[in-house]
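Predicted model, so just to flag it, every value in this text is computed and none were measured. Residues take their numbers from the sequence shown, with the count starting at 1.
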Amino acid sequence: MAVNGGSQNLIVSFGEMLIDFVPTVSGVSLAEAPGFLKAPGGAPANVAIAVARLGGKAAFLGKLGDDEFGHMLAGILKENAVRADGINFDKGARTALAFVTLRADGEREFMFYRNPSADMLLTPDELNLELIRSAKVFHYGSISLIVEPCRSAHLKAMEVAKAAGALLSYDPNLRLPLWPSPEEARTQIMSIWEKADVIKVSDNELEFLTGSDKIDDESALSLWHPNLKLLLVTLGEKGCRYYTKSFRGSVEGFQVKTVDTTGAGDSFVGALLCKIVDDHSIIEDESRLKEVLCFACACGAITTTKKGAIPALPVEADALAILSAAKKA
C-alpha cells in the first residue's frame, strides 16, 4: 500500500474503532445468522482510512483494548497508511464489538458489546496534543460524547484543534442503542453543534434532530448556526443536499447494486475532506463544491457494493470510473 501522497495537510479523525461482526447471510436476525464475517469498523476510523485510500494524509486518535482485536485494528490503520501515533491501548478494557444485522435491503441494525469498551475510557491526559495541533481538518462523531472520561477528552481535543486553526468536521453518526435515551442523544449531539465548521447528517438523523418528518430545506436550515460553513444532508442513493452561507442545492446520487450500506457515509465524508483539506475556499465556490460532492457521492455509492466498511472503501480511480460512466450515460 503506497504511503500518502504529496499533501502535507493532515486530517485527524477522533473517536471509536471497533470490530463489526456482519452476518454471512443478509435479511436474517442475529439469532438466525449461520455465521459472521469479522469487519473492522467505527465511523471515525472508517473516515481516516477513506481519506488515506484516496491519497490524503490521515491520522486516527482514540483508544483500543490491549488485546488481539485492538492490535489487529491498529495494524489495519498502519496497513492503510493512516498514522496511528494517536492511539492508546487500555490493559483493563476490551476493544468494542458490534454485531450488525443486514436486512434484505442492505440497511442495518446494531447490537453493541461495550461495558465499558476501551474507546470509552480515553482520558484528556492521554491525548496526543501535538498530533491534534498539526491537523488541518479535525473530524469527529457523537459516540465519544456518551460517557466520561471520553466525553471530556473529546471536548478538549476539539478545543485544541480549533485553537490551532483546524477546520472542525462533525458527523453525528447516530447510534440510538448506545445512548441512555433518545432525549439524551439529541441533547448531547446538539451540545457541540455550534463548534463545527462542516456538519454532515443523514436524512434519518435530520428527522431525529429536528423532530420533523420532512426532509426539506426548511427542516435542514433549522440546524444552521452562524459559525457553520457547510451543512450536508445525505439522502442515500438520491445523493445529497448542501447548504452554505451564500447558496444551496443538491447533487444526484449513483445507481449501484447495494449489498451493505455500512461505511457509505464515512466514505462520503472522507472523500469530501480529502478534496477540501488543501483549499477550504472550495466551500464558497458552488461549481467546485458540486464537483467535490459528486465525487463524494460516487465514493459513498461504491462502498455499498461490498460487505463491511473498510474492505469496500474506494481508491480514487474507482470513483473517477463511476463518474466517467455517469457522464457518458
Side-chain angles (χ1 to χ4, degrees), residues 1 15-50 53 60 62 64-80 90 93-120 141 143 146 173-179 185 202-205 234 236-237 253-268 270 299-315 318 322:
M1 173 78 53
E16 71 283 355
M17 187 175 195
L18 49 92
I19 308 267
D20 287 330
F21 284 93
V22 185
T24 51
V25 175
S26 296
V28 296
S29 71
L30 282 177
E32 293 164 338
F36 295 88
L37 289 171
K38 185 176 75 214
N46 293 343
V47 168
I49 292 177
R53 286 261 174 98
F60 176 73
L64 299 167
D66 190 7
D67 52 35
E68 282 204 28
F69 282 154
H71 290 285
M72 180 193 101
L73 292 175
I76 286 165
L77 289 171
K78 290 173 191 161
E79 281 163 28
N80 283 279
D90 195 292
R94 295 285 189 207
T95 301
L97 308 179
F99 285 82
V100 187
T101 46
L102 291 178
R103 299 202 313 249
D105 60 2
E107 285 300 321
R108 300 154 298 156
E109 291 165 359
F110 293 87
M111 186 162 83
F112 292 94
Y113 284 73
R114 290 158 46 95
N115 191 30
S117 54
D119 59 287
M120 299 159 76
I143 288 171
I146 297 174
N173 194 43
L174 178 67
R175 295 285 177 264
L176 271 179
L178 292 177
W179 291 90
S202 68
D203 42 9
N204 294 339
E205 288 161 350
T234 53
E237 65 196 21
F254 295 85
Q255 296 301 312
V256 293
K257 189 171 180 349
T258 296
V259 173
D260 176 10
T261 57
T262 307
D266 305 325
S267 181
F268 175 94
C299 289
I302 291 164
T303 308
T304 69
T305 61
K306 291 183 196 165
K307 279 193 181 174
I310 290 168
L313 294 170
V315 295
D318 298 337
I322 195 174

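Atom CZ of F110 is surrounded by more than 12 heavy atoms from other residues, nucleotides or ligands within 6.0 Å.
By the 4.5 Å heavy-atom criterion applied to side chains, I322 and V256 are counted as neighbours. The closest side-chain heavy-atom distance from E16 to P44 is below 4.5 Å. In this structure the side chain of L64 reaches within 4.5 angstrom of the side chain of M17, judged on heavy atoms.
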Between N204 and L174, is a side chain to side chain contact (heavy atoms under 4.5 Å, CB included) present by the stated rule, with each step listed? CA-CA 9 Å; N204 294 339; L174 178 67; over 6 Å; no
Go through the steps to decide whether D266 and I49 satisfy the test side chain to side chain contact (heavy atoms under 4.5 Å, CB included), and finish with yes or no. CA-CA 9 Å; D266 305 325; I49 292 177; over 6 Å; no
Tell me, with the steps shown, if R114 and I143 meet side chain to side chain contact (heavy atoms under 4.5 Å, CB included). CA-CA 12 Å; R114 290 158 46 95; I143 288 171; 3.8 Å; yes
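Although no hydrogens or angles enter the test, the distance criterion places no donor-acceptor pair under 3.5 Å between the side chain of T305 and the main chain of A301. The backbone N or O of L313 lies less than 3.5 Å from no partner atom in the side chain of S267, so there is not a single donor-acceptor pair. A side-chain donor-acceptor contact under 3.5 Å links T95 to the backbone of G65. With hydrogens and angles disregarded, a donor-acceptor distance shorter than 3.5 Å links the side chain of T24 to the backbone of G35. D20 places no side-chain N or O within donor-acceptor distance of the main-chain N or O of V22, the cut-off being under 3.5 Å. Side chain of R53 to backbone of I310: a donor-acceptor contact under 3.5 angstrom is found.
How far CG of D203 is from OG1 of T234: 6.0 Å, rounded to the nearest 0.5 Å. Considering CZ of F268 and CD1 of I302, their distance stands at 13.5 Å, rounded to 0.5 Å. Put simply, CD1 on I19 and CZ on R94 are 12.5 Å apart, with the number rounded to the nearest 0.5 Å. Here L73 contributes atom CG and K78 contributes atom NZ; the two are 11.5 Å apart, rounded to the nearest 0.5 Å. Atom CE in M72 sits 10.5 Å away from atom CG in L77 (nearest 0.5 Å). For the atom pair CG (L30) and CZ (F21), the distance works out to 12.0 Å, reported to the nearest 0.5 Å.
Annotation for T303 and A312: closest pair O-CB, 3.3 Å, computed over non-hydrogen atoms. A98 and L18 make their closest contact through CB-CD1, 4.0 Å (heavy atoms, listed as atom of the first residue, atom of the second, distance). The nearest pair of heavy atoms linking A185 to L176 is CB-CD2, 4.0 Å. The two residues P311 and K306 make their nearest non-hydrogen contact at O-NZ, 3.9 Å. Here the closest non-hydrogen pair linking F60 and G15 is CZ-O, 3.3 Å. The two residues G41 and N46 make their nearest non-hydrogen contact at CA-OD1, 3.5 Å.
D119 and S117 share a side-chain donor-acceptor pair at under 3.5 Å.
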